[in-house]
**Student:** 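Sending over a structure as C-alpha cells; questions will come in a sec.
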Number of protein chains: 2
Amino acid sequence: MTRRPRRPTMVDVAREAGVALRTVSRVVNDDATVGAELAERVRAAIAALDYRPDERARHLRLGVTGTLGAAVRQLSHVNPVLRAVERAARAAGLMVLAASTEDDEVLERHVVESMCRRRFDGIILEPIGEDHGYLLPELAAGLSLVAVDRPVLGLDVDCVISDNVAGIRTAFAHLVAHGHDRVAYIGDDERIYTAHERATAFRACAAAHGGPVDAMVHTGRIEPGRITSAVRAALAGPAPATAIVTGNASISVEVLRRLGADSRKVAIVGFDDSELATLLRPDLTVVAQDDTAIGGTAIDLLRARIADPARPVSRVTVPVELVRRGSGELPPIS
Amino acid sequence: MTRRPRRPTMVDVAREAGVALRTVSRVVNDDATVGAELAERVRAAIAALDYRPDERARHLRLGVTGTLGAAVRQLSHVNPVLRAVERAARAAGLMVLAASTEDDEVLERHVVESMCRRRFDGIILEPIGEDHGYLLPELAAGLSLVAVDRPVLGLDVDCVISDNVAGIRTAFAHLVAHGHDRVAYIGDDERIYTAHERATAFRACAAAHGGPVDAMVHTGRIEPGRITSAVRAALAGPAPATAIVTGNASISVEVLRRLGADSRKVAIVGFDDSELATLLRPDLTVVAQDDTAIGGTAIDLLRARIADPARPVSRVTVPVELVRRGSGELPPIS
DNA sequence: GTGAAAGCGCTAACAT
DNA sequence: ATGTTAGCGCTTTCAC
C-alpha cells in the first residue's frame, strides 16, 4: 500500500548525500568539476531515493525547453514528412512532441496555443483552413513557427513546400514527350491549398499545350461517385484522354481502383509516392516529394527562427522528382 | 528589428492594469469572484502586452501537467489505437503529446525517460523488446504507465491487449465451419510478442483439429523471399492447404501480393483490418481489433492509475470481431 | 473583494 | 572544489 509519497527533490538528495544542493545539480548535469568521491555519494543518494530531476523547474529556470511541437493533421496517418522532422530534430538534440489537429481549425488552435503556453521552443505546423489570425498575438509574443506542406494564408511566416507547379509541369511534359496529346487531370477538392495549386498549374500546362482545358480537369472532394464520373468523363467522348495525371496519393488510389484492369490502357502519372498506389499498380510512375528534405529544412528554418526572431521570413520550395516506373511511359492507345 | 523582448509576466500585467498579481491570476483562470470592471482592465492589459501565461510555472506550482505522453512505434504510420487514445484523452480534458520509438529499445527509453522528467501525468506505451528494467525506478518514483498492444515483459504494469487467442480460434473455426480441413498459417517474426502469441494459438487450434501442425505454420520476418516460399509451401505438396490465416495486416498484404489472381482459389482470413489489404482484395474477411475500445480503455486505466497509484494492476483483453467479407467464406477447392 | 509573501524544484551568480 | 542564495513565473494561503 504505497501511499503517494512526495517525490524527492534535489534538496532531499543533497541532505541524503550530505552535500550542498549545488553539488547535486552539478552531478545531475554531468559537470566535470565535481570530486569523484562526492559524485559517487550523490549518485548513491539519487538511487536510494529514486530521485528524478524535474524538467519543468529546469525549463522554467533556463527559459528554454529543448522541445519542438508538431501540430499535424492526423498523427496516425502515413506522414513521411513528420518522420523526417522527428529525425532531424533528434539529430539536433531536440525533442519533438506531436499532436493531431484532425483537419479541424478549432482543434488546431487549441493544440498550437497549448504548445505555446507550454513554452515549446518552436512549432511545426501543417496549417488548416483560411483564418490563422489567432497566431498573430502568439507570434508577437515570441512564437517561432514553421509551416509545412502549405503556407499560412495571410501571414508572413516561414514555410517549406514542395514545388507543386514544377511537379505538375514535369508530369505533363513527360506524358507529352511520350506522345500524349490529350492528358486529363483528376484532383482533390480545390479548397485544399495544394489541390488548388496543382490544378491551376495543370490548367496552365494544358492551355500552353493547346486544346481543351476545362474539359480535361476534374477536381472535387474524394467521393466514390465523383471519382467514377471523373474517370468516365476523362476517357469518354469523341476525344478521350490517353493519359491521366492524378492530384495526390488518395486520388491515385481511387482512380486506379475505378480503372481496374483498364489502367493498363491509359498512361498515368501520380502526384505523391505511396505504398497504397503502388500496391494497386506496382509500376506507377509518380512525382515524388522529397520528404527528407522537407522535414530537414523545416527543422533548419525553425532553429534559425528560434536563434534570430528578427531574421527575414523564408519560404522554401523543395524540388520534386519524377520516378519512372512504367505507367507514365506507356504510348497513347486510341 | 524587434529585439527579443523579455516576455511579459503576470507581474507586468498587474502593473499595467494597476491591480494585484492575485487578481491577474484570477482573471487568467476564469475565477468568477473578480469584479467586471477590473477583469476588463486586466484583459486589456493582457492584450496590450501580448501576455501569454506560462504553463511551466503553473504546472510546477500545481504539481500536475494535464499532459499524457504516447510513446508509439512510429507516429507516421497508420495507428487507429493512437487516434482513439487522442480522442479519449481529449474528452477527458487531457492533452496527448506523442513521440516515435522507431522500434528501437534505446530510443524508447530516451522517449519515456524524457516524458518522465517533464512530469507528464501518465504515459501510454507500445513496448518494444524484452528488457524494460529501466522502467523500474520510474515506476517506483511514481510514473503512471499503461502498455498497449502487448504487455511489458517481466513487469507488473497495466495493459490493454487484443484477444489474440480468441481471434485466431475464431478464424480457424470459421474456416473449418466452411469445410476446410487443411488450414495454413503465415505469420510475422515470432520474436514479436503478438506474432508469437498468434502463432502459438494457431498451433493449438491445428493440433486440436488433428492433422499436421508444423507443416501448416510458417512464421518469420517479412521478406519477399520468405513470404513467397511460405505461400508456395502452404499450397504445394500432396495435401495443399485450401485456406490461409494471415498473422497481421502486413503479412496479409504480402501474401495477397504473392497470390495474385490465385487468391480467389484459396479461402483467406486476415488478422487486423487494413485499408492496404482490402485494396488488394476488397472482400477480405478479417479478424478486426476494436481500436476504439483499446484506446478508450487505455485512457481509463491510465486515469485510474494516476488517481490511485496503489490500485491493483489490471490487464484488459479486448474482444476482436470477425468481419465476413467473402474471402473467408469460400468453400475448399482441391 | 484585494495585496503581500511563501514556495513549487531547479540553475547560476557569487562567495569561500 | 563546494556551499549560499536569489529568482524563473506561477498559485495560494493568509491577513486586510
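Just the heavy atoms: all of them, side chains too, but no hydrogens, waters or symmetry mates, feed the values below. Order of the sequence lines sets the chain letters (A, B, ...), proteins ahead of strands, with each chain counted from 1.
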**Student:** Side chain of B:D54, heavy atoms from C-beta onward: which of D:dG3, D:dC10, C:dG9 has the nearest atom to it?
**Tutor:** D:dC10
**Student:** Check every atom of D:dT13, C:dA13, C:dT11 against the side chain of A:R61 and return the nucleotide holding the closest atom.
**Tutor:** C:dT11
**Student:** Assign A:V11 to base, sugar-phosphate, or nothing according to its heavy-atom contacts below 4.0 angstrom with the strands shown.
**Tutor:** nothing
**Student:** Tell me the interatomic distance from B:R56, atom CZ, to D:dC8, atom C1', rounded to whole angstroms.
**Tutor:** 8 Å
**Student:** Quick one: B:R117 CZ to C:dT11 P, roughly how many Å, whole number?
**Tutor:** 11 Å
**Student:** Taking for each residue the nucleotide of DNA chain D bearing the nearest heavy atom, is the 5' side occupied by A:A20 or by B:R52?
**Tutor:** A:A20
**Student:** Report the nucleotide, chosen from D:dT5, D:dT2, D:dG9, that has the shortest atom-to-atom distance to any side-chain atom of B:L60.
**Tutor:** D:dG9
**Student:** How close or far is atom P of D:dC8 from atom CZ of A:R118, stated in whole angstroms?
**Tutor:** 23 Å
**Student:** Which of the following nucleotides, C:dG9, C:dA4, D:dG3, is nearest to the side chain of A:T23?
**Tutor:** D:dG3
**Student:** Indicate yes or no: does B:D12 engage B:R6 in a salt bridge with an N to O separation below 4.0 Å.
**Tutor:** yes
**Student:** Decide, yes or no, whether a salt bridge links A:E105 with A:R109 under the criterion of side-chain N to carboxylate O below 4.0 Å.
**Tutor:** no
**Student:** What is the distance, to the nearest angstrom, from the NE2 atom on B:H59 to the P atom on D:dT12?
**Tutor:** 12 Å
**Student:** Which is more 5' along DNA chain C, the nucleotide nearest A:R58 or the one nearest A:R26? Just name the residue.
**Tutor:** A:R58
**Student:** Select from B:R22 and B:A57 the residue whose nearest nucleotide in DNA chain D is closer to the 5' end of that strand.
**Tutor:** B:A57
**Student:** Cut-off 3.5 Å, no hydrogens considered: what does the side-chain donor-acceptor table look like for residues 77-85 of chain B, sequence neighbours left out?
**Tutor:**
unit_1, atom_1, unit_2, atom_2, d
B:N79, OD1, B:V81, N, 3.3
B:N79, OD1, B:L82, N, 3.1
B:N79, ND2, B:E126, OE2, 3.0

**Student:** Please report, rounded to the nearest Å, how far the P atom of C:dT11 is from the CG atom of A:N29.
**Tutor:** 5 Å
**Student:** Under 4.0 Å, heavy atoms only, any strand: does A:V28 hit a base, just the sugar-phosphate, or nothing?
**Tutor:** nothing
**Student:** Give every residue pair that meets the side chain to side chain donor-acceptor pair (under 3.5 Å) criterion with at least one member in residues 141-151 of chain A, sequence neighbours excluded.
**Tutor:** none
**Student:** Taking atom P of C:dT11 as reference, at what distance in whole Å does atom CG of A:D30 sit?
**Tutor:** 12 Å
**Student:** In plain terms, say whether B:R52 and A:E138 are close enough for a salt bridge, that is, a side-chain N and a carboxylate O under 4.0 Å apart.
**Tutor:** yes
**Student:** Return no unless some side-chain N or O of B:S25 is found under 4.0 Å from OP1 or OP2 of D:dT11.
**Tutor:** yes
**Student:** Within this structure, what is the CD-to-P distance between A:E55 and C:dC10, rounded to whole angstrom?
**Tutor:** 10 Å
**Student:** Return the value, rounded to whole Å, for the distance between atom CZ of A:R7 and atom P of C:dC10.
**Tutor:** 10 Å
**Student:** Among the nucleotides C:dT11, C:dG9, D:dT11, which one has an atom lying closest to any side-chain atom of A:L21?
**Tutor:** C:dT11
